[in-house]
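Below is one structure, written out as structure tokens; the observations come after it.
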Amino acid sequence: MNKPLPARLSPDSPLLPDVLALIQDAFAYMAPRIDPPSSMHRLTVESIKEHCKTGEVWVIGDRPDACIFLRSKSDCLYMGRLAVREDMRGKGLAKSLIQLAEQRAVEHGFAVLELETRIELTENHRTFERMGFVKTGDGTHEGFDRPTYIIMRKPIVTPTPSAD
């Protein structure tokens with residue numbers, strides 16, 4: 001059976017409330033572990049709609065089973081809100097969405113992907129490292145005197161055309 005392909009959502013997609021629910025469910029585990037609280041709590045259907053206009057929102061599956069948000073920065077494509085339904089984890093959906101992000105970065109003229117992950121979520125750091133991301137810095141949320149997240153980047157290696 002073939003894996004479903006990622007689909008880009010439009011601002012008027014009927015799946016926007018489902019994307020919000022997916023993110024809320026997938027990120028709930030981190031609530032007692034991170035400080036400050038996740039910005040996911042401020043996410044709304046309206047803000048997802050806006051992101052569809054200013055960036056990209058991609059999903060896999062009709063429920064949806066996984067999602068990723070992409071937006072262009074000055075020197076890279078930023079990926080955020082990578083979420084996979086708990087019952088769909090371990091099936092390669094996150095990897096598929098990161099591969100999609102790499103393709104989109106190249107299409108936008110970027111050679112680098114960037115993400116941020118909370119300091120406390122060390123298992124996420126290791127997962128992204130296995131996917132080729134490296135820590136390039138850290139950042140501090142407003143009102144904090146210590147780093148609260150790390151910045152990770154992945155250079156995108158584009159295949160060299162063969163000289164047939």
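Please read all numbers here as calculations on a predicted model, not as lab measurements.
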Rest of the hydrophobic cluster containing [X] (Ile/Leu/Val/Met/Phe/Trp/Tyr, side-chain heavy atoms under 4.5 Å)?
| X | result |
| --- | --- |
| V134 | none |
| Y149 | I151 |
| V84 | W58, I60, I68, L70, L77, M79, L82, M88, L93, L97, I98, L100, V106, F110, L113, L115, I119, F128, M131, F133, I150, M152, I156 |

Residues forming a salt bridge (Lys or Arg N to Asp or Glu O under 4.0 Å) with [X], sequence neighbours excluded:
| X | answer |
| --- | --- |
| E102 | K154 |
| R85 | D65, D87 |
| K73 | E114 |
| R130 | none |

Checklist entry - Should the heavy atoms of other residues, nucleotides or ligands under 6.0 Å from NZ of K135 be counted, would the total exceed 12? => result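 Yes, NZ of K135 has more than 12 neighbouring heavy atoms, counting only those of other groups under 6.0 Å.
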Checklist entry - How about D75: does its CG atom have over 12 heavy atoms from other parts shown lying under 6.0 Å from it? => result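 Counting other residues, nucleotides and ligands, CG of D75 exceeds 12 neighbours.
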Checklist entry - Hey, are the side chains of E46 and H51 touching, using non-hydrogen atoms and a 4.5 Å cut-off? => result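 SC-SC contact between E46 and H51 ruled out.
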Checklist entry - With distance as the sole test, does T148 use its side chain to make a donor-acceptor pair with the main-chain N or O of H141 at under 3.5 Å? => result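 Such a contact is found between T148 side chain and H141 backbone.
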Checklist entry - Do the side chain of S96 and the main chain of G92 share a donor and acceptor less than 3.5 angstrom apart? => result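 Yes, the answer is positive, given that a donor and an acceptor are paired below the 3.5 Å cut-off.
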Item to check | Sequence neighbours excluded, every pair satisfying side-chain hydrogen bond (donor to acceptor under 3.5 Å, both in side chains) that has a member inside residues 117-126 | outcome: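 Passing the test, one end in residues 117-126: Y29-N124, R33-E123.
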Donor-acceptor pairs under 3.5 angstrom involving side-chain atoms of residues 17-26: please list them, not counting sequence neighbours.
none

Partners passing side-chain hydrogen bond (donor to acceptor under 3.5 Å, both in side chains) against [X] (at least two apart in sequence or in another chain):
| X | answer |
| --- | --- |
| S10 | D12 |
| E86 | none |
| E142 | none |

Item to check | side-chain hydrogen bond (donor to acceptor under 3.5 Å, both in side chains) between R81 and S39, worked out | outcome: CA-CA 10 Å; R81 305 282 184 222; S39 60; 2.8 Å; yes
Checklist entry - Taking atom OG of S47 and atom CZ of R42, what is their separation to the nearest 0.5 Å? => result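 One gets 9.5 Å once the value is rounded to the nearest 0.5 Å.
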Checklist entry - Between H108 and E56, does a side-chain hydrogen bond (donor to acceptor under 3.5 Å, both in side chains) hold up when you go through it step by step? => result CA-CA 12 Å; H108 286 289; E56 301 176 15; 2.8 Å; yes
